Amino acid sequence: MGWQRLALAGADLSLWTDWLPPAEADTLYAELRDAVPWETHVIRMFGREVASPRLSCWIGDPGASYVYSRTRFEPHPWPPALATLRPRLEQACGATFNSVLANLYRDGRDAMGWHSDDEPELGPEPSIASLSLGAPRRFLFRARPPREAAKLELQLPHGSLLWMSGATQRLYQHALPRMARVQAPRINLTFRRIL
């Protein structure tokens, strides 16, 4: 199966549910779980600093620093597994990437609230390729502003690739909600281009 375009007014959004075959996704998940230097990022929420509700690592080419929630992240070097994957991903998406935010959600209690990936260094219409490994999780979109109920809900399975580009980040927020029944971990890789 290939790309499936998703209906969300004004957004450029597509999903490939089985971009990586299960055995390859299993291997990549195991390699990254052990090779990535996972850390707890401190973020600003409602005027105070809190520990991010997931483990993360900013990876990229030299100079591809990223500012998120008033904190500057300098990139860690590409692990071999991601350096090998990057050209395949660029070919599939028709884009180039110089960085990736790796996130480890330890179980369903780890989550990410409503936000847009619209930092200035990503440009006016960021293109983001989001690869999911491990436990399937719900992924929601809603219009910004006004902040309404979720407009689109997806299930992101193991090995799936979500492509977000065009006006998606300007028009919509997205979230990964808590799921109490999920006991297994999930790794999410959001490939980006820092300008």
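Keep in mind it's a predicted model, so treat the numbers as computed, not measured.
Considering only heavy atoms from C-beta on, I128 stays 4.5 Å or farther from F97 through its side chain. Here the side chains of L82 and I59 are in contact, with some heavy-atom distance below 4.5 Å. At least one side-chain heavy atom of L101 sits under 4.5 Å from a side-chain heavy atom of S56. At least one side-chain heavy atom of L13 sits less than 4.5 Å from a side-chain heavy atom of L152. Annotation: side chain of C93 is not in contact with side chain of F191 (no heavy-atom distance under 4.5 Å).
Note that CG of L104 and CG of L32 are 10.0 Å apart. Values are rounded to the nearest 0.5 Å. Rounding to the nearest 0.5 angstrom, the gap separating the NZ atom in K151 from the CG atom in L140 is 13.5 Å. Note: L162 CG to W3 CH2 = 7.5 Å, rounded to the nearest 0.5 Å. Remark: E39 CD to L55 CG distance equals 9.0 Å, nearest 0.5 Å. In this structure, the separation between CZ on R142 and CG on L171 is 14.0 Å, given to the nearest 0.5 Å. L85 CG to L189 CG: the interatomic distance, rounded to the nearest 0.5 Å, is 7.5 Å.
Residues L89 and A129 come closest through the heavy atom pair CD2-CB, 4.0 Å. Across every non-hydrogen atom of Y29 and P185, the tightest pair is OH-CG, 2.9 Å. Across every non-hydrogen atom of G10 and A167, the tightest pair is O-CB, 3.7 Å. Summarising the geometry of E125 relative to G166, their closest heavy-atom pair is CB-O, 3.2 Å, with the distance given to 0.1 Å. Of all the heavy atoms in P53 and A111, the pair that sits closest is CG-O, 3.0 Å. Scanning both residues, A25 and G159, for their nearest heavy atoms gives CB-CA, 4.1 Å.
Residues Y66 and E121 bring no donor and acceptor atom of their side chains to less than 3.5 Å of each other. With 3.5 Å as the limit, one finds no donor-acceptor pair spanning the side chains of H158 and D18. Side-chain atoms of R144 and Q173 form no donor-acceptor pair, as typed in the model, at a separation below 3.5 Å. Side-chain polar atoms of N188 and S130 form a donor-acceptor pair below 3.5 angstrom. S132 and R186 form a side-chain donor-acceptor contact under 3.5 Å, judged by distance and modelled atom types alone. A donor and an acceptor atom, one from each side chain of S116 and R170, are nowhere located under 3.5 Å apart. Side-chain polar atoms of R86 and T84 form no donor-acceptor pair below 3.5 angstrom. Between the side chains of S99 and R192, not a single donor N or O lies within less than 3.5 Å of an accepting N or O.
Side-chain N or O atoms of Q183 include none that pairs as donor or acceptor with a backbone N or O of G108 at under 3.5 Å. Checking side-chain atoms of W58 against main-chain N and O of V100 turns up no donor-acceptor pair under 3.5 Å.
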Practice item. Go through the steps for R33 and I187 under the test side chain to side chain contact (heavy atoms under 4.5 Å, CB included), then give the verdict. Key: CA-CA 8 Å; R33 182 193 59 219; I187 291 176; 4.2 Å; yes
Practice item. Take W163 and D12 through the side chain to side chain donor-acceptor pair (under 3.5 Å) test and state the conclusion after the steps. Key: CA-CA 8 Å; W163 173 245; D12 187 356; 4.5 Å; no
Review point. Does the pair D117 and H174 meet the rule for a side chain to side chain contact (heavy atoms under 4.5 Å, CB included), with working shown?
Key: CA-CA 9 Å; D117 296 321; H174 51 271; 3.3 Å; yes
Practice item. Assess whether side chain to side chain contact (heavy atoms under 4.5 Å, CB included) is satisfied between L133 and D26, documenting all intermediate values. Key: CA-CA 8 Å; L133 303 166; D26 291 346; over 6 Å; no
Review point. Which is it for R88 and E24 under the salt bridge (charged side-chain N to carboxylate O under 4.0 Å, His left out) test, yes or no, and what are the steps along the way?
Key: CA-CA 13 Å; R88 287 176 55 199; E24 187 178 358; 2.4 Å; yes
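By the 6.0 Å and 45° rule, R137 stacks over the aromatic ring of Y105.
When hydrophobic clusters are built by joining Ile, Leu, Val, Met, Phe, Trp and Tyr residues whose side-chain heavy atoms come closer than 4.5 Å, directly or via intermediates, L15 is grouped together with L8. Under the 4.5 Å side-chain heavy-atom criterion for grouping Ile, Leu, Val, Met, Phe, Trp and Tyr, M112 is not connected to W114 through any hydrophobic cluster. Connection of L156 to V182 is not established within any shared hydrophobic cluster, with ILVMFWY side chains joined at heavy-atom distances below 4.5 Å, either directly or through further cluster members.
Aromatic ring orientation, F141 versus Y172: perpendicular (interplanar angle above 60°, classes split at 30° and 60°).
The number of heavy atoms from other shown groups lying within 6.0 Å of CZ (R109) does not exceed 12.
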